[in-house]
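Below, chains carry the letters A, B, ... as their sequence lines are ordered, and counting in each starts from 1.
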Amino acid sequence: MNQELVTIFTEMAELFAMQDVPFKPRAFEKAALAIGELSESVKDIHKKGGIAALEEISGVGRGIAERIEEYIKTGHIKDYEHLKKKMPVNIEELTRIEGVGPKMIHTLYEKLGVRTVKDLEKAAKTGKVAKLPRFGKKSEEKILKSIEFFKQSGGRLGIGEALPLARQIKERLEKVPGVERVEIAGSLRRWQETIGDIDVLAVSSEPEKVMDTFVKMSGVQHVHAHGDTKSSVRLHTPAGGIDADVRVVPKKSFGAALQYFTGNKAHNVALRKIAIEKGYKLNEYGLFKQMANGKWRMAYGKTEEEIYKALGLQYIEPEMRLDEGELALAEKNKLPKLIDYDGLKGDLQVQTNWTDGADSIETMAKTAADLGLEYIAITDHTRSLAMTGGADEKKLLRQMKEIERINHKIQDTRYKIQILSGAEVNIKKDGSLDIDDEVLAKLDVVGAAIHSHFKLSKKEQTERLIRAIENPHVDIIFHPTTRVVTRREPIELDMEAVLKAAARTGTAMEIDAHPWRLDLKDEYIRAAIALGVKLVIDTDAHRAEELRYLEYGIAQARRAGAKKKDILNTLPVGEFIKALK
DNA sequence: GCCGTTTTCGGCCCGACTGTTTTCAGTCG
């Protein structure tokens, strides 16, 4: 229900923009964003408190609340259908064409009857687009090129694909003569789950060299723009490609630019408002104060810290810049001290070549030690996951012996790490486990996880998971919602009931750091912390390189405001074991 | 259409780049 309304209101914003209606576009866009971030269904909100309760949602006023009610009651929104009838175009699709916005869509529909990307491609190929007023040969070519990219990819990259690319750009540009500093900004700096494009900022005495190097980098498929201080390209990736922007900004403005280009948009708009209230003007060049003669003079800009400070705010970590209450906390000096990126001492979900992992127990342990970890738990799959060669009781006992042997063997080497025995026990359809309790009792760490029957009803699924949580041997629930980012929907769960059961029994919930999973996601982490549920962050590594993934999980935890004490595997091994159920 | 220690009316973020312009509109972030 919420997602349907997000789509409708976003589309209405575009439809109003096409017709040059003032202010409504942003109002609808804002409402759509707010609804998208709700953890409760608007239907439930409406059931509890009617229109008044809907109006409590920030960005939703009387008008939009009434439309939500109309949709709940009738399944339609008359206004929307009226607009749609007047402009029957596939906006969602057309706005995804780089360089095509609402005004162009309007002209294209009015003059050429373009409704879809396919129509647009046909019109451009036959030279009709170039003949329109304020269009030309170049815009037509640009549209065709963008359509090619659209057909290839059609969307965002997971952060696990985008971040390595951005880091490559950063490393390359850092080597350009004259460059003093390069930082990744945008949604990547906020560690969002999916990334629409890569933003990079640089300080350099010779901006043109930065621009030239960037647009000629390997992997660049097309140059959208190549200016003096800003360039934009399309990078080729296995998944189809992503846009990347690089800007060179003045050193004295670097903090302001970093702040500005990190976003998110709502956070920045709110911050600008605070600036105006305090008599400042904030843009990507700095925080400006108005002089007696009416002229603006730059007051701050070198660092983000000084800007937030001048605005009477605590420094806000990028992951939390969402305009979801962090500004109010910063104003009252009440932001949590977030867990650090080097704050973890252990990894509790690691697969090896005993099942579907690629590397041996010893290789995984040594790599983890090199990454600075003090302990890992080996948690191979169990028998009902036959495709992975899942372990039965006998195999688990054999593996325990092997772990003991390796622990002993590496004691005298440079690798200071303790290997814990464990398993990723499969939760069966009825919530029972596929390994006997006596064997589970012998393992150091028991993780339980759902790998099948994803389509059960909310009630059945919740009961199933709670039954597993109540097993006295289960220490951790691995990837609790089983979602795969952009690929598989989460299972339906009454998360509040699940988290309460976890709190009651002392069972830890995992934040699976694998960039495909990121499960729990931020809003559930926040809820878990509020309920006093124990949390752990694990990589779910199936090969040695993946042990680096912890940073993705830490980012999710930081977005949810997690402190060091909220995460069990920040503890040294002895205390960690004691803290488990 | 939303919002409010400028609160029920009058505001609503703003600059770089491109292409088609002859001074600027559209898009993007």
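Taking the nucleotide of DNA chain B with the nearest heavy atom to each of A:Asp79 and A:Val269, the more 5' of the two is matched to A:Asp79. Heavy-atom nearest nucleotides on DNA chain B were determined for A:Thr95 and for A:Phe135, and the one closer to the 5' end corresponds to A:Phe135.
A side chain to side chain contact (heavy atoms under 4.5 Å, CB included) with A:Leu15 is found for exactly one of A:Asp79, A:Leu83, A:Ile105, namely A:Leu83.
When the P atom of B:dT18 is taken as reference, atom NE2 of A:His224 falls 12 Å away, rounded to whole Å. At whole-Å resolution of the value, CG in A:Leu287 and C1' in B:dG15 are 17 Å apart.
Dashed line: the shortest gap from a side-chain N or O of A:Tyr285 to OP1 or OP2 of B:dC13 is not under 4.0 Å. Applying the 4.0 Å criterion to OP1 and OP2 of B:dC17, one finds that A:Thr229 has a side-chain N or O inside that range. Contact between the side-chain N/O atoms of A:Lys230 and the OP1/OP2 oxygens of B:dA16 is not found at any separation under 4.0 Å. OP1 or OP2 of B:dT20 sits under 4.0 Å from a side-chain N or O of A:Ser139.
Closest contact between the side chain of A:Arg26 and the listed nucleotides B:dC2, B:dC12, B:dC14 involves B:dC12. In the set B:dC13, B:dC12, B:dC17, the nucleotide with an atom closest to the side chain of A:Phe23 is B:dC12. Of the candidates B:dG1, B:dT27, B:dC13, B:dT27 carries the atom nearest the A:Pro102 side chain, counting heavy atoms from C-beta on. In this structure, of B:dC2, B:dG29, B:dG26, it is B:dG29 that holds the atom nearest to the side chain of A:Phe261.
A donor-acceptor contact under 3.5 angstrom links the side-chain atoms of A:Tyr260 to the base of B:dG29.
Using Watson-Crick or G-U wobble geometry with both donor-acceptor distances under 3.5 Å, B:dT8 finds no partner in any strand shown.
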